[in-house]
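Let me begin by presenting the structure, written as structure tokens, before commenting on it.
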2 protein chains.
Amino acid sequence: MQQLLFDFIAKYISLTDDEKNVLLSLNLFHSFRKGTVILKEGQKTNNSYFVLKGCIRSYYLLDGDERTTAFYTEMEALTPPCAITNTPSEYFISCLEDTILTISNADMTEEVNSKFPKFDIMCRLFSAEMLAKQRIDFDEFKTSSPEQRYLNLLQKRPDLLQRVPQHQLASYLGITPQSLSRLRSRIVKK
Amino acid sequence: MQQLLFDFIAKYISLTDDEKNVLLSLNLFHSFRKGTVILKEGQKTNNSYFVLKGCIRSYYLLDGDERTTAFYTEMEALTPPCAITNTPSEYFISCLEDTILTISNADMTEEVNSKFPKFDIMCRLFSAEMLAKQRIDFDEFKTSSPEQRYLNLLQKRPDLLQRVPQHQLASYLGITPQSLSRLRSRIVKK
DNA sequence: AGCATTCGTTCACTAAAGTTAAGATATGGT
DNA sequence: ACCATATCTTAACTTTAGTGAACGAATGCT
């Protein structure tokens, strides 16, 4: 697991053994069983999560039912907006599978970044990259119909279709489970 | 204009006069007339834009018609995904109004950040903030109907309704101009 | 194994958005 | 002021999504 993290960081900056040891001393690694709710609505946190193995999912509870907005799998990072704005969380995060995460918070980030300023550089590069990715996702979502969005997902993240229950995929696509089921049978007919 | 920029930066880090002068020496400020296309599809750039005054808009050209995905107004920043991935742009950016921007690129960022490492900190904080904002926007978009999205926009960015032609707003909301017109008259009736 | 719950599909019906077209206004350029 | 173009609205029709309900299959629990 540690190596997975170091390999990921190596894409942005190179670490000395000293620096690696500082990271290891932070007790970043955490395991959760499938179904564990990591963050609840209304709860405050300034944690950031980085998925080493498994899958986590963010969802809102609106009118009594869940609205899934994102899935995070291997090598993807999630800092809940509430951690930035320092307000109670608007949504839940739970583990779709047995999952291993790193969990860090703003204080840890500040500490590491002040010891090793190049971490700021990595954070900046990684943030910019995530921002660009998310922008593209959002744009694609806006400019497509539900059917196109499903086909797009089929192409870009076929693993999700295997890992995720269909009703969660549906709300991720911005539609109801019934619509997704219909849409799928429509596609098969073609 | 310069003061607007410095005030904005001051929200994240404090600048010495020396540092301000370095920024001023970079020739960041640019004016454009309404309608000017700043970035074209297929074009490569690694520019980032920050709106000091006016409004710019990003849009795709799909099947011959424009699909607006975002508006950026005062104190909002845009780094096109193509500037991160170093690929040709998938979309256009144009000025909705007479607009004053700062334009910077990756080289300038690297140079300033290496001279004054605290810029990395500002970039990191600002990126994280934008990421959180965009995430919330995306989530709201996914979990709402077109009508709710319109009402939401009315609350959160009423200025846009004044500044932006309706057919551009429609595609920003992910619907056709006809649907927006219909939806509006539906709301008035209630 | 038995039971309850969750999940996916189907159906009938309703509501809303897409599409095509037409007409009315507004806008910009010369 | 004039014309061409862009913009907004309305309407009729088609397609698709939302809703509520029913059913069977799969899943999880004890």
Side-chain angles (χ1 to χ4, degrees), chain A residues 33-37 55 57 59-68 71 92 94-98 140-154 160-190, chain B residues 32-37 55 57 59-68 71 92 94-98 141-154 160-190:
Chain A
R33 277 210 240 128
K34 176 176 177 174
T36 310
V37 176
C55 179
R57 157 184 159 253
Y59 59 96
Y60 295 74
L61 205 55
L62 303 177
D63 302 323
D65 50 25
E66 296 181 0
R67 310 296 290 269
T68 298
F71 300 102
F92 297 80
S94 80
C95 299
L96 225 85
E97 308 169 350
D98 290 349
E140 281 176 348
F141 193 94
K142 267 191 187 175
T143 58
S144 326
S145 66
E147 187 169 327
Q148 290 172 316
R149 297 202 284 259
Y150 175 77
L151 292 170
N152 190 35
L153 193 67
L154 206 61
L160 280 187
L161 302 193
Q162 304 306 321
R163 301 170 91 163
V164 174
Q166 215 141 325
H167 67 283
Q168 290 176 8
L169 268 184
S171 82
Y172 177 70
L173 293 170
I175 58 178
T176 59
Q178 293 93 325
S179 290
L180 177 55
S181 177
R182 211 163 23 193
L183 170 168
R184 276 162 52 95
S185 67
R186 205 161 60 217
I187 289 169
V188 171
K189 275 182 197 160
K190 290 177 187 171
Chain B
F32 298 97
R33 278 213 238 124
K34 176 177 177 172
T36 311
V37 176
C55 179
R57 158 186 158 253
Y59 58 97
Y60 294 74
L61 205 54
L62 302 177
D63 304 322
D65 49 24
E66 296 181 358
R67 311 294 291 270
T68 298
F71 301 102
F92 297 80
S94 81
C95 298
L96 225 83
E97 308 170 350
D98 291 349
F141 193 94
K142 267 192 187 175
T143 58
S144 328
S145 65
E147 186 169 328
Q148 289 173 315
R149 296 202 285 260
Y150 175 77
L151 291 171
N152 190 35
L153 194 67
L154 204 63
L160 280 187
L161 301 192
Q162 304 308 318
R163 301 169 91 163
V164 174
Q166 215 136 5
H167 66 284
Q168 290 177 8
L169 267 185
S171 81
Y172 177 69
L173 294 170
I175 58 178
T176 60
Q178 292 91 327
S179 289
L180 177 55
S181 178
R182 215 163 19 193
L183 170 167
R184 277 161 51 94
S185 67
R186 205 160 59 216
I187 289 170
V188 172
K189 277 182 196 159
K190 293 178 185 171

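Under the 4.5 Å side-chain criterion, counting only non-hydrogen atoms from C-beta, B/N152 is not in contact with B/S144. Inter-residue side-chain proximity for A/T68 and A/V164 is flagged as unmet; no heavy-atom pair is nearer than 4.5 Å.
When the ring pair (Phe, Tyr, Trp, His ring centres under 6.0 Å) test is applied to B/F71, the partners found at least two apart in sequence or on another chain are B/Y172.
Taking only side-chain nitrogens and oxygens, A/S181 never comes nearer than 4.0 Å to OP1 or OP2 of C/dG8. Taking side-chain N and O atoms only, A/T176 has no distance below 4.0 Å to OP1 or OP2 of D/dA17. Distances shorter than 4.0 Å separate none of the side-chain N or O atoms of A/Q166 from OP1 or OP2 on C/dT6. For the OP1/OP2 pair of C/dA17 and a distance below 4.0 Å, the side-chain nitrogens and oxygens of B/R186 include at least one atom meeting the criterion.
Of the candidates A/R163, A/K34, A/R33, A/E97 forms a side chain to side chain donor-acceptor pair (under 3.5 Å) with just one, namely A/R163.
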Q: Mind running side-chain contact (heavy atoms from CB on, under 4.5 Å) on B/Y59 and B/D65 for me, showing each step along the way?
A: CA-CA 10 Å; B/Y59 58 97; B/D65 49 24; over 6 Å; no
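Relative to the axis of its first five pairs, the axis of the last five pairs of the helix from C/dA1-D/dT30 to C/dT30-D/dA1 sits at 70°, rounded to 10 degrees.
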Polar pairs (N or O, both sides) under 3.5 Å between protein and nucleotides 21-23 of chain C?
none

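Remark: A/L173 CG to B/K142 NZ distance equals 7.5 Å, nearest 0.5 Å. Between B/S181 atom OG and B/H167 atom NE2 the span is 13.5 Å, to the nearest 0.5 Å.
Taking atom CG of residue B/D65 and atom P of nucleotide D/dA6, one finds them 13 Å apart after rounding to whole Å. What separates CD of A/E147 from C1' of D/dT15 is a distance of 11 Å, to the nearest Å. Atom CD1 of A/I175 and atom C1' of C/dG8 are 13 Å apart (whole Å). Separating the NE2 atom of A/H167 from the P atom of C/dT9 is a distance of 12 Å, rounded to the nearest angstrom. Note: CZ (A/R149) to P (C/dA17) measures 13 Å, nearest angstrom. Rounded to a whole Å, the NZ atom of A/K34 is 9 Å from the P atom of D/dT27. Whole-Å rounding puts the A/E66 CD to C/dT6 C1' distance at 12 Å. Taking atom CG of residue B/L183 and atom C1' of nucleotide D/dC8, one finds them 14 Å apart after rounding to whole Å.
Remark: side-chain polar atoms of A/Q168 are not paired, donor with acceptor, to backbone N or O of A/P165 under 3.5 angstrom. Formation of a donor-acceptor pair under 3.5 Å by the A/R67 side chain with backbone atoms of A/Y60 is not found in this model.
Each of A/S179 and B/L180 lies near DNA chain D, and the nucleotide nearest B/L180 is the one positioned closer to the 5' end.
For C/dG18, the base has a donor-acceptor partner in the side chain of B/R182 [N/O atoms by modelled type, under 3.5 angstrom].
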